[in-house]
Amino acid sequence: MKKRYLSYQDTIDFLTEAMAKYPDLIRLQNIGDTHEGRPIMMVTISQDVAYADLKPALLYTGTIHAREWIGIELAVNFIQYLLDNYPSNPEVVEALTRNTLYIVPCLNPDGFEYSRNHFSFWRKNRRDNGDGTFGVDLNRNFGINFRQSTNTQSNIYGGPAAFSEPETQAIKQFVELHNNIKIALDYHSQGNVFFPAHKFNHEAEIEGTDLNILCANMAKEIHKVTRRQYGIHRGKPPANLIHGSGREYYYDRGILSTVVEVGSRNIPDYLINMSQSVDENIPALLYALGTAINYSDLAPKRPENFTVRDISANHAELVWDHNPEDDGCYYQVYRNEAPKDPCTRDNLIAITSQSEYTDKQLKSGHRYYYNLRKVNRVNRVKSPFAPEVKIKTNLEKDEFSFTLFPMPEKIGYTGEFLATQNAEHFGNNSLFIGVNKTKGICYGVIDYDMSRIPTDAQIKDAAFSLYPMNRVGAKIENYGEWSVSILDPDDISDITDFEQIHNAVALQTLGDAIDSDQLTQGIWKNWRFSALEKQLIQDQLEKGRLLLRLQGPDNLPQGHDSQMMQFDIGYGRFGGGIHYRPNLDLIYHRRPNALTCNATVCHTVSHIGVTQGELQSGFDADGQRIFGHVEFMLPQLSERTDIVITDAYFVLESEATNGISQPIRFTVGMVDNDKLNYNSIKCSELIEFLGYEVSSHELVKTPKQTFMFDSSARQHLEDLHDSGKPINLIIRATSASRQQDAIVQWKTLSADETTVYPQLVVEYIERHKQPMDSPENFQASLEDGLVKLTWDNPESKDWVGTYVVRNSFHPPRSPFDGVKLYAGKDGYTLDRFGNTNIPKYYSVFSYDNVPNYSVPATLKFSTDEVTPVIYDEFEAQDEMELRYREGD
């Protein structure tokens, strides 16, 4: 197998030959020598390479870890791809015309050759540590967050000092001499995941959206080739995950930087897995190279103050600043329905020169993610992205929603070989799902308490969301699948018991299972329930519980030790907190009440006068219209809350049709006038039509007709009820030909005189329509190094709780535009994961049981004093994770 891979000398020979063949396109240089005297080769590729350093550049580094051979293989293949496709491929030509590629195929030549010839899984370089051990982990030797250590035999030993190694010194010196580098990609294996850089603040950063979209768009290019899905994971509090990495060093210098973990093994089968990994990453690399110019001084400035001005159930109004220097630009607006999705032509919803945009036809109660950038009209260079705006649309008038989170003791995992420990896994850090040799088969268990959902709820929409946080234990390519099943809670007496969970028969498995090459780390996985699955939730309402089992593969092929996926639960020392908890998001209707109202007044109105107690419409002897007028008075439908009319219809029955020789059609409309006479009816405009008109022919066949209120008419009906006004309906005849003495007599009393006609049938629910008052006296202070937020909740019997959110860039105008910190009934919370040294905005919203959210109370927090921020060191949760973090 190893014979098929390039040696380091093979790589140098290839590059030397390429430079000789394409001297105007390629430059090859030695940027330093290793401990063993090997040159560290840097390749520069650009159209007219003599001017390469004047263009925005992408820096590629590969195989900084000796055993991660994908870096050098992908580099050589990408260079060959550029040579083969220049100048025939316009995308390659444009990328190399505008940008420069700096590429170090192998940043660790000594270690790579040692891995290739002696010890496949060698990781470090080959420094003689002087104590009988060799090697420094070069990706722990950079100067940002460097950690001093004397454990020289460790696989992650970072060296005696930052930049102590010739390899890291070489790349450091090159980068510091080339301020044109705008993007840095560091290629590793394994994991099929992007790890964008961060500044250890665990706060949203201004470049965070750019990093996520860069990775998401690269991931889309990968997906086009092999359908494999790469994750995106920047890390999360409270643990320091890495020290002294090149990724953070580049990012600290203002370079967009990410690690790309390719494949699921360090040295996979070349013909199948390695060649696939190379092929799928080449289009992604070409995309990244072409975007370097968008982050240079040649690009327009990032749009400022991008936010949402108004949100309804079906639209969102987005606004941003437009400055005089932006006159030569237009804006691109992108919309996604999931975080960390790409921004491409597929989801480009608007191109506009304005500084606002209204997105219409949205779904009620759904989350949307908006991104914005400028584009220069002349050269088409794009700006960096504005920080992403996140919203959740309002509910429709007849909808309610509830998001269920499991209690700590109701979420965890059970392992086949961990019988005595399984109870300890609940409410503690992570779900491990799949199989490995240490734990055996493992299932995730989530037991939702459904008792807070009304028993008359009618489920309209349901989605289950789970956060995958680590897929390092899923090591076998294209093997196994992960899924979620609904179990009958009556079959399970102890949710921590492996045998009971293992042997339970699923009522239903949700949607499609996730294949191993679709497992994504760092991107929420959502299962939206089908009609059958929603009915199962409906059935579980009576039991007050929804029990879910998460399962993966349950056996391992020969020679493998793990196929295990790890998901966050939000609890425990290393859970990510409330906004990482698995949640079940429900939208539901309530079973409506029904009311049948008899007409309080019936009139026939003609030019000769008003006839009370009789209801006719048509044409008189002079051919003038005769109008029917009906009045209803709705009683007060609820004494304690608002009402929403969910359905309404007007029932009308003809008793006799006289003198109709040509077809006549009859319409029913609402009028806003309770002082009715012939002229006022004749001249008035109908406010709302009810349903469709009915013909005289239809009345002969079906005397009883129903006229439905549409949404606008129902709203008017609701307004009349709220104001205590009568409902006035007019029955009007219309004909294509002149009619005389053509009249329909409408029934006003049943034959047995027990039922009064016409009738108005109204279906309604009790539901708040107006938001709560905002919390008052919203304040922030420092307490033991944390931001403490306090407020006074509104005094109202309808108040349910308060919602607190943080945003680093603008005041949150929506409870979902930022990081959720708290939801509940207290009057305070602590920002446990924020960095107190960074200014930010906080908003607090009150809400009722719909929920309707109040206008926010908002403050900007900043402090002149510097508060130490101490993050825990990473603590592995199982042997597999420990081995990975220690470089084993």
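All residue numbers in this chain count up from 1 along the given sequence.
A salt bridge is absent between D461 and K363: the closest approach of a Lys/Arg side-chain nitrogen to an acidic carboxylate oxygen does not fall below 4.0 angstrom. Taking the charged nitrogens against the carboxylate oxygens, E203 and R806 do have a contact shorter than 4.0 Å, which makes a salt bridge. The pair R528-E337 does not count as a salt bridge, with every side-chain nitrogen at least 4.0 angstrom from each carboxylate oxygen. Of the charged side-chain nitrogens involved, none lies within less than 4.0 Å of a carboxylate oxygen, so that D719 and K725 do not count as a salt-bridged pair. Checked for salt-bridge contact, R714 and D398 miss the test: no charged N lies under 4.0 Å from a carboxylate O.
Checking side-chain atoms of T646 against main-chain N and O of E763 turns up a donor-acceptor pair under 3.5 Å. Looking at N807, its side chain does come within 3.5 Å of a backbone N or O of F809 through a donor-acceptor pair. Formation of a donor-acceptor pair under 3.5 Å by the D449 side chain with backbone atoms of S451 is found in this model. Of the possible polar contacts, one joining the S774 side chain to the V855 backbone as a donor-acceptor pair under 3.5 Å is found. Counting only distance, with no hydrogens or angles, the side chain of S485 and the backbone of R549 share no donor-acceptor pair below 3.5 Å. Remark: side-chain polar atoms of D447 are not paired, donor with acceptor, to backbone N or O of P406 under 3.5 angstrom. A donor-acceptor pair under 3.5 Å links the side-chain atoms of R234 to the main chain of A197, judged by distance alone. With E718 contributing its side chain and I645 its backbone, the two residues share a donor-acceptor pair below 3.5 Å. Between the side chain of Q521 and the backbone N or O of R471 there is at least one donor-acceptor pair closer than 3.5 Å. Of the possible polar contacts, one joining the D568 side chain to the G576 backbone as a donor-acceptor pair under 3.5 Å is found.
Two residues are said to be in side-chain contact when any heavy atoms from C-beta on lie closer than 4.5 Å; N793 and K825 fail this criterion. The shortest side-chain heavy-atom distance between P468 and M565 falls under the 4.5 Å cut-off. Counting heavy atoms from C-beta on, the side chains of L789 and Y822 never come closer than 4.5 Å. Residues D817 and I391 are not in side-chain contact: their nearest non-hydrogen atoms beyond the backbone lie 4.5 Å or more apart. N394 is not listed as a side-chain neighbour of E399, based on a closest heavy-atom distance of 4.5 Å or more. A heavy-atom distance below 4.5 Å is not found between the side chains of F833 and V819. Here the side chains of I311 and R813 are not in contact, with every heavy-atom distance at 4.5 Å or above. F845 has its side chain out of reach of P771: every pair of non-hydrogen atoms, C-beta onward, lies at least 4.5 Å apart.
Scored by the side-chain hydrogen bond (donor to acceptor under 3.5 Å, both in side chains) test, T858 finds S843 as partners (sequence neighbours excluded).
Atom-to-atom distance recorded for I765:CD1 and N593:CG is 9.0 Å, nearest 0.5 angstrom. In this structure, the separation between CG on L586 and CG on L541 is 8.0 Å, given to the nearest 0.5 Å. Of the inter-residue distances, the one linking F464 atom CZ with L548 atom CG reads 5.5 Å to the nearest 0.5 angstrom. Note: L372 CG to E388 CD = 11.5 Å, rounded to the nearest 0.5 Å. To the nearest 0.5 Å, the span separating CG on N294 from CG on D210 amounts to 9.5 Å. The structure places NZ of K534 at 9.0 Å from CD1 of I459, a figure rounded to the nearest 0.5 Å.
Side-chain contact of D848 with H768: a donor-acceptor pair under 3.5 Å is absent, judged by distance alone. Residues Q332 and K382 have side chains that never bring a donor and an acceptor to within less than 3.5 angstrom of each other. Side chains of D359 and Y370: a donor-acceptor N/O pair is present below 3.5 angstrom, by distance only.
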Does the pair K374 and D326 meet the rule for a salt bridge (Lys or Arg N to Asp or Glu O under 4.0 Å), with working shown? CA-CA 8 Å; K374 301 176 194 170; D326 301 332; 2.5 Å; yes

Working note: D585 + T403, criterion side-chain hydrogen bond (donor to acceptor under 3.5 Å, both in side chains); need CA distance, chi angles, decisive distance, verdict. CA-CA 4 Å; D585 203 8; T403 301; 2.8 Å; yes

Show your working on side-chain hydrogen bond (donor to acceptor under 3.5 Å, both in side chains) between T393 and S364 and close with a plain yes or no. CA-CA 5 Å; T393 50; S364 62; 5.8 Å; no

Using side-chain hydrogen bond (donor to acceptor under 3.5 Å, both in side chains), reason through S353 and R377 one step at a time and then give a plain yes or no. CA-CA 10 Å; S353 298; R377 294 179 187 275; 2.6 Å; yes

When you look at L550 and W482, which way does the side chain to side chain contact (heavy atoms under 4.5 Å, CB included) test go after all the steps? CA-CA 7 Å; L550 289 70; W482 282 254; over 6 Å; no

Determine, step by step, whether S712 and E688 satisfy the side-chain hydrogen bond (donor to acceptor under 3.5 Å, both in side chains) criterion, reporting the C-alpha distance in whole Å, the side-chain angles of both residues, the deciding distance to 0.1 Å, and the verdict. CA-CA 7 Å; S712 179; E688 299 288 349; 2.5 Å; yes

What verdict does the salt bridge (Lys or Arg N to Asp or Glu O under 4.0 Å) test give for E396 and K460, after you've listed the backbone C-alpha separation in whole Å, the side-chain angles of each residue and the deciding distance to 0.1 Å? CA-CA 12 Å; E396 294 285 8; K460 177 185 178 184; 6.0 Å; no

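Few gaps surround CD on Q535; more than 12 heavy atoms of other groups in view lie less than 6.0 Å from it. Within 6.0 Å of CE in M407 there are 12 or fewer heavy atoms belonging to other residues, nucleotides or ligands. For K860, the NZ atom counts as loosely surrounded, since its 6.0 Å shell holds 12 or fewer non-hydrogen atoms of other residues, nucleotides or ligands. Within 6.0 Å of the CG atom in D327, the count of heavy atoms belonging to other residues, nucleotides or ligands exceeds 12. In this structure, E542 places its CD atom where only 12 or fewer heavy-atom neighbours from other residues, nucleotides or ligands lie under 6.0 Å away. Around atom CD of Q458, more than 12 heavy atoms belonging to other residues, nucleotides or ligands sit under 6.0 Å away.
Between F707 and F650, the angle of the ring planes lies from 30° to 60°, which puts this pair in the tilted group. Taking the six-membered ring where tryptophan is involved, the planes of Y803 and Y853 are perpendicular, since the angle between them exceeds 60° and thus also 30°. Aromatic ring pairs are classed by plane angle as parallel below 30°, tilted from 30° to 60° and perpendicular above 60°; the pair Y467 and H233 is perpendicular. Taking the six-membered ring where the residue is Trp, F194 and Y230 present tilted rings, their angle falling between 30° and 60°. Below 30°, between 30° and 60°, or above 60°: for F306 and W320 the angle between ring planes is above 60°, a perpendicular geometry.
A side-chain hydrogen bond (donor to acceptor under 3.5 Å, both in side chains) with Y331 holds for exactly one of R373, H322, E356; it is H322. When each of K220, R335, K224 is tested with D346 by the rule salt bridge (charged side-chain N to carboxylate O under 4.0 Å, His left out), just one qualifies, namely K220.
Minimum heavy-atom separation, P303 to S383: CD-OG, 3.5 Å. Shortest non-hydrogen contact noted between C343 and N217 is N-OD1, 2.8 Å.
Within the cation-pi definition used here (under 6.0 Å to the ring centroid, within 45° of the axis), K340 does not qualify as a partner of W524.
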